[in-house]
Every structure is written in C-alpha cells, then in structure tokens.
2 protein chains.
Amino acid sequence: MHAILRSIPVSAADWLSAAVRAAGIERSLRAGQTLFRAGARTAGLYEVAKGKLRLVRVDRDGREAVLHTAAAGDTIAEASLFSATYHCDAIAMTDAAVRLYPKAVVLAELQSNPKAAQAFTAMLAHQVMTLRTRLEQRNIHSARDRIRHYLAVNAGADGRTVALAGTLKELAGELGLTHEALYRTLAEMAASGEIARRKRTIRLRKSPI
Amino acid sequence: MHAILRSIPVSAADWLSAAVRAAGIERSLRAGQTLFRAGARTAGLYEVAKGKLRLVRVDRDGREAVLHTAAAGDTIAEASLFSATYHCDAIAMTDAAVRLYPKAVVLAELQSNPKAAQAFTAMLAHQVMTLRTRLEQRNIHSARDRIRHYLAVNAGADGRTVALAGTLKELAGELGLTHEALYRTLAEMAASGEIARRKRTIRLRKSPI
DNA sequence: CGGCGTTTTGAGAGAGCTCAACATCGGTGG
DNA sequence: CCACCGATGTTGAGCTCTCTCAAAACGCCG
C-alpha cells in the first residue's frame, strides 16, 4: 500500500534549496521537552535532525492522542505554514535536535521554486493518505483486528515482517489501545501462532487475506 | 479553531485556471452509485458540482469507515494526483454531479501556476489538520465526550449552534458511533439540558469550557 | 546493586455494540 | 387524498470487550 508515495522524498533535505537550509535554526531538545504547544504562534517549519518527536493533543481528561510521530528526516508543523497558531503539542520522545525554517522563508521558497512546491505538496498528499489509513484503523473496534490492520499496513518488503520503531507502550498509544490490551492481545496472537515475536520485530505467520 | 484556514478557498473553482476548468469532464451519479473504488487506476482530480459524496474504506467485516464527506464545491481524490491507484471508495450519497480534471492537466497547472499550487497546498494542509482533529476525536472513548468534541469543533460563528449537514445516521458514521448510541446520547444530553435539538441544528446550552 | 520504566498477568466494572421491535417521516402511486 | 413503503429515528435488554485499577516480574542504566 502507498507503494508509490513511499518513494517520494520525505526528508526536507531533498527539496529545500540550499539558501533555505542555510536559514535553518538548530535547536536541541532533551527527552520529554516541549518544542511547541497548541495555541502558540507558529514560527515555521521544523525538520527533525536527530531523535524522535511526537505530536499530541491533550483532551481535558489529560488523555493524550498521538497525532503523529516524527523521526530524523521528517518535517513537522507543515500545516502551520498556513496557520497563525499551532494546533497540537510537539514533545521530544528522546533527546533530539530540530532545525527551524522560518515561515516566511519557506513560503517564499514554495512560491518561487515549483519543484520544491511540488515535493511539499506530494508530501502533504502522502500525509493525508497516512492519516486516512489511521482513521480507518481507529474504526476497527477489536484490539486484535486493529493490530492485524497495523501489521498489514506496516509490513516490510516481504509483507509479513514489521519492525517496531519504539516501545510497545508507544505503539499502544499510536494504536489507540491501552498498553495492557496490546500486551495481552499480542500474547494471545503469539500463543495461537498467528504471529512470532522477536526483539524488535513482529512476524506474521500467515499472510493476511 | 482553524479560523484562518476556514477562510481559504475550498472550492476548486477558486484556483483552477479557466483552461483547466474547460478540460473538466462532467459526470452524473445516482444516489448510491460508485464513482471509483479502491485499487482502480487514478484518473485525476474530481470536483463535486452537485450533491454529496463520501469516501469510505471497507474492512473485511463489511464495516464502513467514512474517511471524508464532500459536498458541492469540494474536491476529492486530491492525493491521487500522486498515486497510481485510489485508496478508498467514492460513493454518491445523493444524486450528484462531478467534474473530472485529468491528472496530467492538473499537475501541469500546479507546476506552471504558483498561485494555484499555493492554494492547492493550503487546501491539503487544511485537510491534514481536519484529519488530525478527527483522529483526536476518535481517541475519545465516551460517546458523550465525542459528541461534545464534535459540537465544539463544528460550532458556527456564535460558538454554540451546529448545523447538521445530513441525517443523524450519517453523523453517527462520521463520529464512529452506532446510530443507536448517538440517538441515545443525544436524547440524554437534551434531557439534561446540555443541548437543544431542532430540525437540522443542535444548540449548546452552555458554552463548552 | 539499586532504581525506574517497560512488560506482563489478574480481576472487576462500565460502556458501547448487537439484536430486536417499534415509531416517524417523506415520497409514490392508486 | 389516502394507503403504502422504505429509510430514518427511537427505545429496550443483554453481552462482549476493552478500560481501569492492582500487583509483580523483567530489563536497562547509572
């Protein structure tokens, strides 16, 4: 799935001109530190240089919804180029480094450089599709089927091996499950022989129909 | 929320050049008819001229996930400009009419017309934020809170009146609830005085904190 | 070795889903 | 104008499933 879009450059490095990149402002973050919060004035586009960040919205119950996870090479706050304030919090999951490309510089670049604009647009289009896939996933109520869906969507080249980016607890958050439910269901699926678990991978025993 | 992006032209009419619009191919659809299905080769960008369409993905249980609802003036299949196949089904909810702008024509336009490209990009950015809001919504487990969230996000200018676009059953699908749960919870909220229901509107009694 | 966070397993309760029956509304045709 | 029909809207009762709270084992790092 998304085979074509996968080949599109996701890294800002690939489409921002040297001039824009030169205007980038580096910043380091410790694990757990906040890059920006919802409601704050938007500064521009961030590129993750090192580590991982997550975009979350917090509802009044203190529950966190993980909207996105960005690793090195990814950009965040793309949509904020067209908005005055951020609409979610960005928090470093690990020690991390980001580069800020000021809004005006990026917008000028997008207007003057069709190639950059096209790449940026393609990346947004890709994000729309990824988000829709996650929305589809959230429509699945059963924990088991939701995990199956995740494994199917995120399987590697062989179609049955999934590399886990972070901890299972993080995965639970991304799936919208409690970590207990995820642990339990994974254990059941392993017991029934549907999956095999290793250090940082899960392998599907049978290919999903 | 999204106050700024709301003012961005959502209609294709506003940014496609006359030449591209002239290349548009009209097509009529009866209620329930399918415009395209997941997996089919992408033809281009569609603009809804009349009626309403919905984009859905169907899982193996036959359950429908409503990814998007498009009304007159909206475009659909934007991301498909960068993909060889569609990733969801488009189904007419009412008798409808659409205009197809062939992929090559639109892509050429985006490359040659910075203004169009910018408008298109802004629209995609807007979609990303809308999708994230829906993803946030799906993280809310309680039916009541999910409805509250929907009402808060979709309240009109006065901040407490929400116009219902379609049937409650459709709304239930969009909220990821069964229609029974939605009916019941709306009835409870009306009984407790939290909302007031009219023909095609819901009004919040108190402004949500 | 000690401490902290992840991983794991247990038991109970709540909330939405499912199945079911009925009411209501809008359109159609006699 | 009225009867019919389908879809939406509404309410009831039971059940399943995940969430919640709890406690303990495990792994990693200082």
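Just so it is clear, the structure is predicted and the values come from calculations on it, not from any experiment. Lettering follows sequence order; numbering is per chain, from 1.
Residues A:Arg63 and B:Ile140 fail the side-chain proximity criterion, which asks for heavy atoms closer than 4.5 Å. Considering only heavy atoms from C-beta on, B:Arg138 comes within 4.5 Å of B:Arg146 through its side chain.
Using a 4.0 Å heavy-atom distance criterion, A:Gly166 is classed as making no nucleic acid contact. Contact annotation for A:Arg63: backbone-only contact, meaning every heavy-atom pair under 4.0 Å involves sugar-phosphate atoms and none involves a base. Across all strands shown, A:Arg146 has no heavy atoms under 4.0 Å from either base or sugar-phosphate atoms.
We find that A:Arg54 and A:Glu174 are not joined by a salt bridge, their nearest charged nitrogen and carboxylate oxygen being 4.0 Å or further apart.
For A:Thr178, the listed nucleotide lying nearest its side chain is D:dT20; candidates were D:dT20, D:dT8, C:dC17. Listed nucleotides: C:dT8, D:dG9, C:dT6. Nearest to the side chain of A:Thr167: C:dT6.
As rounded to whole Å, 15 Å separates atom P of C:dG5 from atom CE of A:Met93. Between the NZ atom of A:Lys169 and the C1' atom of C:dT8 there is a distance of 13 Å, rounded to whole Å. If you take CD of B:Glu180 and C1' of C:dC22, they are 13 Å apart, rounded to a whole angstrom. Atom CG in A:Leu182 sits about 12 Å away from atom P in C:dT9, given to the nearest Å. With rounding to whole Å, B:Arg184 atom CZ is found 10 Å from C:dC17 atom P. Rounded to an integer number of Å, the gap from A:Leu171 CG to C:dT7 P is 10 Å. Following rounding to the nearest Å, B:Leu186 (CG) and D:dG9 (P) show an atom-to-atom distance of 11 Å. Straight-line distance from the NE2 atom of B:His179 to the C1' atom of C:dA21: 12 Å, rounded to whole Å.
A donor-acceptor contact closer than 3.5 angstrom is absent between the side chains of A:Tyr150 and A:Gln137.
In terms of modelled atom types and a separation under 3.5 Å, the side chain of B:Thr185 and the main chain of B:Leu182 share no donor-acceptor contact.
OP1 or OP2 of C:dT7 lies within a sub-4.0 Å distance of a side-chain N or O belonging to A:Tyr183. The phosphate of C:dG14 has neither OP1 nor OP2 within less than 4.0 Å of any side-chain N or O from B:Arg144.
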